[in-house]
Amino acid sequence: MRSTTSRPERGASQVDVTAFGADPTGRADSAPAVAAALRYAGTLHGPVEIVFAGGTYQLYPEQAEVRELYVSNTVGADQRYRDKRIGLLVEDRSDVTVDGRGARLVYHGLQTAFAAIRSTNVTFTNFSVDYAAPKVIDATVAAAGVTGGRAWRRLSLPAGTPYRVDGTHITWLGETSPVSGRPYWSGVDGLEYTQIHDPAARRTWRGDNPLFTGVAAVTDLGEGRIRIDYTSATPPEDAGLVYQMRLIERGHPGAFIWESRNVTMRSMNAHYLQEFGVVGQFSEDITIDRVNFAPDPASGRSSSSFADHVNLSGVKGSVTITSCTFDGPHDDPINVHGTYLEVSGRPEPATLTLAYMHPETAGFPQFHPGDQVRFIDKRTMTPLTGSPAVVTAVDGPTGTDHTRPLTTMTVTFDRPVPEGVAVGGTVTENLTYAPEVLVSGNVFRNVPTRGVLVTTPKPVLITGNRFDGMSMADIFISADASSWYESGAVTDVTIRGNTFTRPAGPVVFVEPTDEIPGLVHHGISVEDNTFEVGDVTVADVRSVGGFRFTGNVVRRLDGPDRPPYTSPLFVFHGSSGIVIEGNHYDPGLNPSVIED
């Protein structure tokens, strides 16, 4: 269908997706029309604004764009998932704004909601993202009891939760494809992972799932209500809790920014992101501002993402995350990191063979000619003498081609590698793709894990945020060359003017994976924050040179008349340059400093 374009005063061509047949009434599949509008926009010269005419748009995966892509922290090199379907794709473009004008985009099946690939100056704004049938089951225990010597629970499910009762089991069916007539996915009973949400207490945590243990009968009561009877007579004590259940394969990123520069998400609702969150990968300057990562209150759901909300892997320039809400993820709201690659061979004095080590990360380039690389001893997690070096050539994954090696690469440097580089004992860190980070004015709640993970040697400022009821550390700084292989050591982190309330503790947790004690991280300052805590440790810090805790207020959650707390507020392992001064502590806290 022919499009209409106009020239707004600001000089950008305007492409209206409804001119290509997109349906704002939500009755028809708008995926082919949206794809056609974006392809047409790619033929225009100069800035382009792609607009939606408000309303609701249904987007099915069958006619979405398809690209072979390999994405950090997902399914690695697994060839079953190499092709990604993308509902809204900006590719090989500059100066593009996607303005939803308040539109609600409802995605179906398994697909990435939107992506910017090899593009510059891209803004996504003014629209909501949701999925008709999330790949997460939010099952509320609406009632529970014991009748006739048998315990029972009645589950209540949100709309858009297809299922089938099979004897004493429940088969979750996902959503049925209108093309194939088959469900996009399926699973049985508790699936592979569970976390538990308490709406009354406003907390979420990882835990065991008792719903399908000792089942005697399952009855479909209709309208998303299921009764489960048990062989036990033990009364269930979980009425009101929500069991959030899912599979674990992260086949698609929820949104994807790759090999792009100056990409902004602004004034959006991300009500749910299918199979993962927003992944920024080997890009430059990413801004996420006033984005509401939270379930639509009308949906009855409490999960807003299959895993992290925002995972930025190998970004350079700046990362700016401001005035957002992070509510209901299945992993960390924010994770900013690089990737350590392990040395697996030394074919030439200035050449190394490097390998991806975690099975969920592989297939995309990790270095480019001109990148600066540091060599890290895995035992001490400190740089080797002779670091860094500059890359002159790379032979390895492309990120789009399964005929190339996906888990290894050969990298040549501008000088012989240091003598201490050892196969299996050394990892490499890309210093060029490491960003400055600002996390400011955000709210974190209903999080089963940590609030902010950050590992970058560039300056980090975490300020003016509110963290409520994190189930693990509110702020976690690692540098990990034994598990997730997320780099690297920090040198300048300021945690200022935040409020931490109801933490599970420790609030600030620093734990690199060094085996031999030494100073891995440097320059961490915690200043002018408010901590409202139970009997927990505020700072648990390891292998840090230079840690300041100044001008903070630490309050007891339960008031001064309760028994004194026993947990020390500060625990340090193998650290130096510790300054703790000018803080206020409520009576009954334990402001002890434990050092070893």
Side-chain angles (χ1 to χ4, degrees), residues 73-76 78 80-81 107-111 130-142 144 153-177 182-199 204-220 224-230 236 238 241-254 271-277 295 299-309 328-332 359-360 446-449 471:
N73 294 80
T74 58
V75 288
D78 192 325
R80 294 174 297 173
Y81 306 101
Y107 292 84
H108 298 260
L110 308 178
Q111 60 176 314
D130 209 344
Y131 283 74
K135 202 177 176 182
V136 173
I137 306 301
D138 288 347
T140 300
V141 181
R153 291 180 176 94
R154 179 163 53 81
L155 306 183
S156 177
L157 306 171
T161 310
Y163 63 91
R164 181 181 68 237
V165 172
D166 295 315
T168 57
H169 299 282
I170 301 173
T171 299
W172 310 107
L173 294 171
E175 185 183 6
T176 299
S177 164
R182 298 188 299 271
Y184 291 113
W185 66 274
S186 65
V188 177
D189 293 343
L191 303 176
E192 296 172 307
Y193 167 90
T194 297
Q195 61 188 41
I196 304 162
H197 171 58
D198 186 336
T204 304
W205 63 94
R206 292 175 170 175
D208 294 331
N209 185 343
L211 298 184
F212 303 98
T213 300
V215 174
V218 179
T219 306
D220 185 357
R225 297 173 304 137
I226 300 171
R227 176 173 168 131
I228 304 178
D229 289 274
Y230 299 92
D238 52 4
L241 298 185
V242 183
Y243 290 89
Q244 302 172 343
M245 304 171 287
R246 61 172 170 82
L247 301 171
I248 60 174
E249 290 83 7
R250 303 169 177 178
H252 284 78
H271 290 312
Y272 177 76
L273 293 168
Q274 192 82 293
E275 295 196 296
F276 203 11
S299 70
R301 302 179 198 139
S302 52
S303 297
S304 60
S305 181
F306 194 85
D308 296 358
H309 278 139
H330 272 235
D331 212 326
D332 310 306
E360 292 186 356
N446 294 315
V447 174
T449 49
S471 287

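The CD1 atom of I196 sits 7.0 Å away from atom CG of L241, with the distance rounded to the nearest 0.5 Å. The distance from atom CH2 of W205 to atom CG of N446, rounded to the nearest 0.5 Å, is 10.5 Å. Rounded to the nearest 0.5 angstrom, E249 CD and T74 OG1 are separated by 11.5 Å. The distance from atom CG of L157 to atom CD1 of I137, rounded to the nearest 0.5 Å, is 7.0 Å. Between the OG1 atom in T171 and the CZ atom in R164 there is a gap of 4.5 Å [rounded to 0.5 Å].
Atom CZ of R182 has 12 or fewer heavy atoms from other residues, nucleotides or ligands within 6.0 Å.
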Y193 and H330: CA distance, side-chain angles, deciding distance, ring pair (Phe, Tyr, Trp, His ring centres under 6.0 Å) verdict: CA-CA 10 Å; Y193 167 90; H330 272 235; 5.7 Å; yes

Side chain to side chain contact (heavy atoms under 4.5 Å, CB included) assessment of N209 paired with M245: CA-CA 9 Å; N209 185 343; M245 304 171 287; 3.2 Å; yes

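Minimum heavy-atom separation, G174 to P162: O-CG, 2.6 Å. Between S303 and V136, the shortest heavy-atom distance links the atoms OG-CG1, 3.4 Å. The two residues Y230 and T213 come nearest to each other via the heavy atoms CD2-O, 3.2 Å. Among all heavy-atom pairs drawn from H309 and L273, the shortest one is O-CD1, 4.3 Å. The shortest non-hydrogen separation linking Q195 to P448 is OE1-CG, 3.2 Å.
Taking 4.5 Å as the limit, some side-chain heavy atom of V242 sits within range of a side-chain heavy atom of P199. Using a 4.5 Å heavy-atom cutoff, the side chains of L173 and Y184 are not in contact. Looking at I170 and V188, their side chains never come closer than 4.5 Å, going by heavy atoms from C-beta outward. Considering only heavy atoms from C-beta on, Q274 stays 4.5 Å or farther from S305 through its side chain. The closest side-chain heavy-atom distance from T140 to L155 is not below 4.5 Å. Looking only at side-chain heavy atoms (C-beta outward), F306 and F276 stay at 4.5 Å or farther from each other. The closest side-chain heavy-atom distance from P210 to Y243 is below 4.5 Å. Looking only at side-chain heavy atoms (C-beta outward), R153 and L211 come within less than 4.5 Å of each other.
Side chain of W172 to backbone of D189: a donor-acceptor contact under 3.5 angstrom is found. D229 contributes no side-chain N or O that, together with a main-chain N or O of V218, makes up a donor-acceptor pair within less than 3.5 Å. Of the possible donor and acceptor atoms, none in the side chain of Y163 sits under 3.5 Å from a partner among the backbone N and O of D220. Of the possible donor and acceptor atoms, none in the side chain of R301 sits under 3.5 Å from a partner among the backbone N and O of P158. Judged by distance alone, the side chain of S304 and the main-chain N or O of G328 form a donor-acceptor pair under 3.5 Å. Within the 3.5 Å criterion, the main-chain N or O of T204 finds a donor-acceptor partner in the side chain of S471.
The pair D331-R250 meets the salt-bridge criterion, since a charged nitrogen lies less than 4.0 angstrom from a carboxylate oxygen. We find that E275 and K135 are joined by a salt bridge, their nearest charged nitrogen and carboxylate oxygen being less than 4.0 Å apart.
Under 3.5 Å, the side chains of Q244 and S302 contain a donor-acceptor pair of N or O atoms.
Here Y107 and Y131 bring their ring centres to under 6.0 angstrom of each other.
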